[in-house]
J.: 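I'd like to ask you about the structure that follows.
Everything numeric here is computed off the predicted structure, so don't read it as measured data.
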Amino acid sequence: MTYRSEPPGLPLHEPSTWLVFALSGVFVVLGLLFLVAPRAGAALFGIPAPEGPSLSYVSAIGLRDLAFGTYLAALARLSTCRIVGMVLALTILIPVGDVILVFLERGFESPKHLLLHAGSGLVMAAGAFWLLSRPSNHNKGGFS
């Protein structure tokens with residue numbers, strides 16, 4: 001077992017850490033919205049909620065967002081800048097997929113929904129870049 005002189009997790013005094021916590025909070029709230037009020041969640045997502053049992057796809061989106069928000073918060077407290085940055089970078093696939101799904105369903109009929117998902121991807125990309133560009137002394141346990 002190795003001795004760590006620094007506490008685990010991202011440094012709480014860094015603005016990048018608070019960006020990660022803000023993203024985490026947004027996704028937890030979105031996940032809860034999709035689970036508690038699926039029709040409102042579907043309207044926010046940009047694809048109309050179907051009738052009947054097909055409405056369960058909205059719950060899947062809610063669970064996805066809830067899981068992402070919670071594991072992002074856990075990683076922020078238990079991991080390194082490099083790992084959290086890489087998770088954000090890889091998770092850009094989600095908003096890219098969301099843009100594609102909304103576009104295939106609605107085309108350019110609702111640009112605000114396309115921009116919402118694209119903006120989410122840009123924020124994740126910026127956060128990933130910010131965290132991955134941190135000096136190596138902020139990447140405890142990561143590669144230099």
Side-chain angles (χ1 to χ4, degrees), residues 4 6-144:
R4 287 188 142 197
E6 298 178 29
L10 303 182
L12 290 176
H13 64 278
E14 295 288 336
S16 58
T17 302
W18 292 100
L19 171 67
V20 172
F21 284 133
L23 282 172
S24 172
V26 165
F27 279 95
V28 166
V29 168
L30 284 172
L32 292 173
L33 171 67
F34 278 78
L35 291 170
V36 173
R39 295 199 184 287
L44 180 63
F45 188 86
I47 297 176
E51 297 300 322
S54 297
L55 185 61
S56 63
Y57 96 85
V58 179
S59 296
I61 293 171
L63 290 171
R64 175 193 76 181
D65 288 351
L66 187 60
F68 176 61
T70 56
Y71 72 67
L72 194 57
L75 284 172
R77 291 307 309 136
L78 301 171
S79 194
T80 66
C81 289
R82 181 155 300 174
I83 291 171
V84 177
M86 188 56 67
V87 167
L88 280 176
L90 294 170
T91 306
I92 294 168
L93 290 170
I94 292 174
V96 167
D98 292 347
V99 166
I100 292 168
L101 289 172
V102 171
F103 180 77
L104 290 175
E105 181 71 24
R106 301 189 64 189
F108 290 111
E109 174 186 322
S110 184
K112 68 182 178 184
H113 292 106
L114 294 170
L115 289 171
L116 176 72
H117 295 295
S120 173
L122 289 173
V123 169
M124 281 187 210
F129 179 77
W130 190 3
L131 288 166
L132 291 171
S133 65
R134 307 279 305 158
S136 62
N137 64 332
H138 288 286
N139 291 316
K140 313 179 286 286
F143 299 105
S144 308

J.: Which pair of non-hydrogen atoms, one from Ser79 and one from Val84, has the smallest distance, and what is that distance?
T.: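 Heavy atoms only, the tightest pair is CB-CG2, 4.4 Å.
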
J.: Looking only at non-hydrogen atoms, find the nearest pair between Ser120 and Phe27 and report the distance.
T.: OG-CZ, 3.8 Å

J.: Is there side-chain contact between Asp98 and His113, with at least one heavy-atom pair below 4.5 Å?
T.: no

J.: Drop me the distance from Leu44's CG to Phe34's CZ, to the nearest 0.5 angstrom.
T.: 5.5 Å

J.: Which atom names give the shortest non-hydrogen contact between Cys81 and Pro11, and what distance separates them?
T.: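 The answer is SG-CD, 4.4 Å.
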
J.: Shortest non-hydrogen contact from Ala118 to Val99?
T.: N-CG2, 3.6 Å

J.: Under a 3.5 Å distance rule, please check whether Ser24 uses its side chain to pair with a backbone N or O of Val20 as donor and acceptor.
T.: no

J.: Any chance you could measure Arg134, atom CZ, to Thr17, atom OG1, to the nearest 0.5 Å?
T.: 7.5 Å

J.: Got a second to check how far Phe45's CZ is from Leu116's CG, nearest 0.5 Å?
T.: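 Phe45 atom CZ to Leu116 atom CG measures 9.5 Å (nearest 0.5 Å).
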
J.: To the closest 0.5 Å, what do you measure between CG (Leu10) and CG (Leu75)?
T.: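 It comes to 8.5 Å.
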
J.: For Tyr71, I'd like to know if atom OH has over 12 heavy atoms of other residues, nucleotides or ligands within 6.0 Å.
T.: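 Yes.
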
J.: Would you check if Leu12 and Arg77 make a side-chain contact, meaning some heavy-atom pair closer than 4.5 Å?
T.: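 Leu12 vs Arg77: side chains touch.
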
J.: Could you give the distance from CG (Leu131) to CD1 (Ile83), rounded to the nearest 0.5 Å?
T.: 11.5 Å

J.: Do you know the tightest heavy-atom contact between Leu114 and Gly107?
T.: CD1-O, 3.6 Å

J.: Ignoring hydrogens, what is the shortest heavy-atom contact between Arg82 and Leu132? Give both atom names and the distance.
T.: O-CD2, 3.4 Å

J.: With heavy-atom distances below 4.5 Å as the criterion, would you say the side chains of Leu19 and Trp130 are in contact?
T.: yes

J.: Given the rule in the side-chain contact (heavy atoms from CB on, under 4.5 Å) test, do Val28 and Leu72 qualify, once you have shown the distances and angles that lead to the verdict?
T.: CA-CA 10 Å; Val28 166; Leu72 194 57; over 6 Å; no

J.: Can you tell me how far apart CG (Asp65) and CG (Leu33) are? Round to the nearest 0.5 Å.
T.: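 If we round to the nearest 0.5 Å, Asp65:CG and Leu33:CG are 9.5 Å apart.
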
